[in-house]
Each structure stands twice: as C-alpha cells, then as structure tokens.
Amino acid sequence: DGGITQSPKYLFRKEGQNVTLSCEQNLNHDAMYWYRQDPGQGLRLIYYSQIVNDFQKGDIAEGYSVSREKKESFPLTVTSAQKNPTAFYLCASSNGANVLTFGAGSRLTVL
Amino acid sequence: KQEVTQIPAALSVPEGENLVLNCSFTDSAIYNLQWFRQDPGKGLTSLLLIQSSQREQTSGRLNASLDKSSGRSTLYIAASQPGDSATYLCAVSDMNSNSGYALNFGKGTSLLVTP
C-alpha cells in the first residue's frame, strides 16, 4: 500500500541534544512538507521541498534543519537551538496542488 | 498573510443529527480547500478537496461547499454517528503564499457525537 511512514512514533530528548525524525513516502510525490502541531493550535509549516535537492523554510524554521537527497525521503532534524521542541510533528506529501497525504506523526518530548 | 478560522471550536451533538462546520479564509486567491479529520494522537486523514473552480464535493455522508468570493466553506455531515467524533481541520492552498502549494490550516473543530 502506498503511504507515508514516520519514525519513531515517540521520541524523548534531553536538552542540548539534536534528534532526527524520519519521513519516507512511496507515493511518488514530488513535494514533501513538515508541520508542527501544538495543543489547541493549527498546524504550522516548518520546511517544505518541491523537488529533490531543494527545500525552503516555512513559517517556523528556526531551530530545525532538513535534507532532500532522495525523492522518497525528507528527514527533519530538531536541533538544540529549538527552544521549545516538545510537539507533535507531521510529515506530508503531494503532487502539485492536490490532496495532501499525511503520515501518522512523531511525538517529541524534551525531558 | 492568509488566515483560516474555524467556528465553532467545539461541538457536541446527539447521534443522528445533521451538522455544519464552518471555515473562513481571508484571501480568496486559492488553489484549493481541503477538509481533514484527525483522531486523537493520530495523523490527518483527507476527507474532501475542492478545487478553486468547484463549488462543492461530496463523499458519502459528507458534503463540502466552497464560496471563494466570500472566503467561506462549510462541511455538512449528515446523520452523525459516534464514529464521527474527531477534530475536523480546514486548510487552504494559497496562491499568494511564498510556500508553494503548502496548506494554511485552521485550528479545527472538535466534534463529539453522543450515543
């Protein structure tokens, strides 16, 4: 079945550590996105990539980094510079202005 | 910047009722509008996509309408069931955005359907 796989589902981080969230899709979609969701908030765009080897900052990119070396993969690194990283992270993909398909999410907690 | 607002923030109805969720957006220059469902602790599931040239889309008991000129969309759920309990999110793909086709989301409406 085609879809998006995010891992890990749950992740705990100590302050000062970098962590990387994985996102893999087998939908052959060109565009991939990372969103952050906080309780009572809508989803906010962190980074997006419209094509391999290219990515752009979204609304809240500070403290995060990404790479897009393969069409299928768009990992997100939460760096120690992100002051409030505890959140639910959602990866999505699409082809152009079509239906956005989401993964199941990764919940990051800072200890 | 595009702002998406959903009203009400929360809604509780008895099983069997028909209901309407509302979504408004400030910039009518959109590619499309999408409605999603989110269960607690889960990812988002796409329900309906309405392209900017369309007025409505239907899937089963769900009907979504789009009035682009007034910046409004509604999601109509017929004969609600307890399994419909979830958060419903509205999002628009904005032509004036500098984020490609990325969606701008509302904060959602939390729906509870009681038996």
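Numbered from 1 within each chain, the chains take letters A, B, ... in sequence-line order. The shown structure was predicted, so the numbers you read here are calculated from the model rather than taken from an experiment.
Formation of a donor-acceptor pair under 3.5 Å by the B:Ser85 side chain with backbone atoms of B:Val113 is found in this model. Of the possible donor and acceptor atoms, none in the side chain of B:Ser73 sits under 3.5 Å from a partner among the backbone N and O of B:Cys23. Distance alone, capped at 3.5 Å, is enough to place a donor-acceptor pair between the A:Gln17 side chain and the A:Lys14 backbone. Not one N or O on the side chain of A:Ser80 forms a donor-acceptor pair closer than 3.5 Å with the backbone of A:Asn18. A distance-only check finds a donor-acceptor pair linking the side chain of B:Arg61 to the backbone of B:Ala79 [under 3.5 Å].
Using a 4.5 Å cut-off between heavy atoms, A:Leu45 contacts chain B through its side chain alone, with no backbone atom that close. For A:Arg107, the part lying near chain B is the side chain, with the backbone staying farther off; criterion is any non-hydrogen pair under 4.5 Å. Residue contact with chain B, scored on non-hydrogen atoms closer than 4.5 Å, involves the side chain of A:Leu90 exclusively. If you measure heavy-atom distances from A:Asn98 to chain B, the contacts under 4.5 Å come from both the backbone and the side chain. Within the 4.5 angstrom heavy-atom criterion, no atom of B:Gln6 approaches chain A. Contact of B:Ser46 with chain A is made through the side chain alone, with heavy-atom distances under 4.5 Å. Residue A:Gln6: no heavy atom, backbone or side chain, is found under 4.5 Å from chain B. Looking at A:Gln41, both its backbone and its side chain come within 4.5 Å of chain B, counting heavy atoms on both sides.
With a 6.0 Å radius and a threshold of 12 heavy atoms from other residues, nucleotides or ligands, B:Arg72 has its CZ atom at or below the threshold.
Classification of the A:Tyr33-A:Tyr48 ring pair by plane angle, with boundaries at 30° and 60°, yields parallel. Ring-plane geometry between A:Phe102 and A:Tyr35 is classed as tilted, the angle between the planes lying from 30 to 60 degrees on a 0 to 90 degree scale.
Among B:Gly41, B:Ala91, B:Ala9, the residue with the largest count of heavy-atom pairs under 4.5 Å with chain A is B:Gly41. Among the candidates B:Lys1, B:Lys42, B:Gln34, the residue making the largest number of heavy-atom pairs closer than 4.5 Å to chain A is B:Gln34. With chain A as partner, the option from B:Ser110, B:Gly106, B:Ala102 having the largest number of non-hydrogen pairs under 4.5 angstrom is B:Ala102. Among B:Leu48, B:Leu89, B:Leu49, the residue making the largest number of heavy-atom pairs under 4.5 Å with chain A is B:Leu49. The greatest number of non-hydrogen atom pairs below 4.5 Å with chain B, out of A:Gly58, A:Cys91, A:Gly42, is found for A:Gly42. When the candidates A:Lys9, A:Arg44, A:Gln37, A:Gln56 are compared by the number of heavy-atom contacts under 4.5 Å with chain B, A:Gln37 comes out ahead. Listed options B:Asn104, B:Asn32, B:Leu103 were ranked by heavy-atom pairs under 4.5 angstrom with chain A; first place goes to B:Leu103.
In this structure, A:Met32 and A:Lys71 approach most closely via the heavy-atom pair SD-O, 3.6 Å.
The ring of A:Tyr64 has its center no closer than 6.0 angstrom to the ring center of A:Tyr47.
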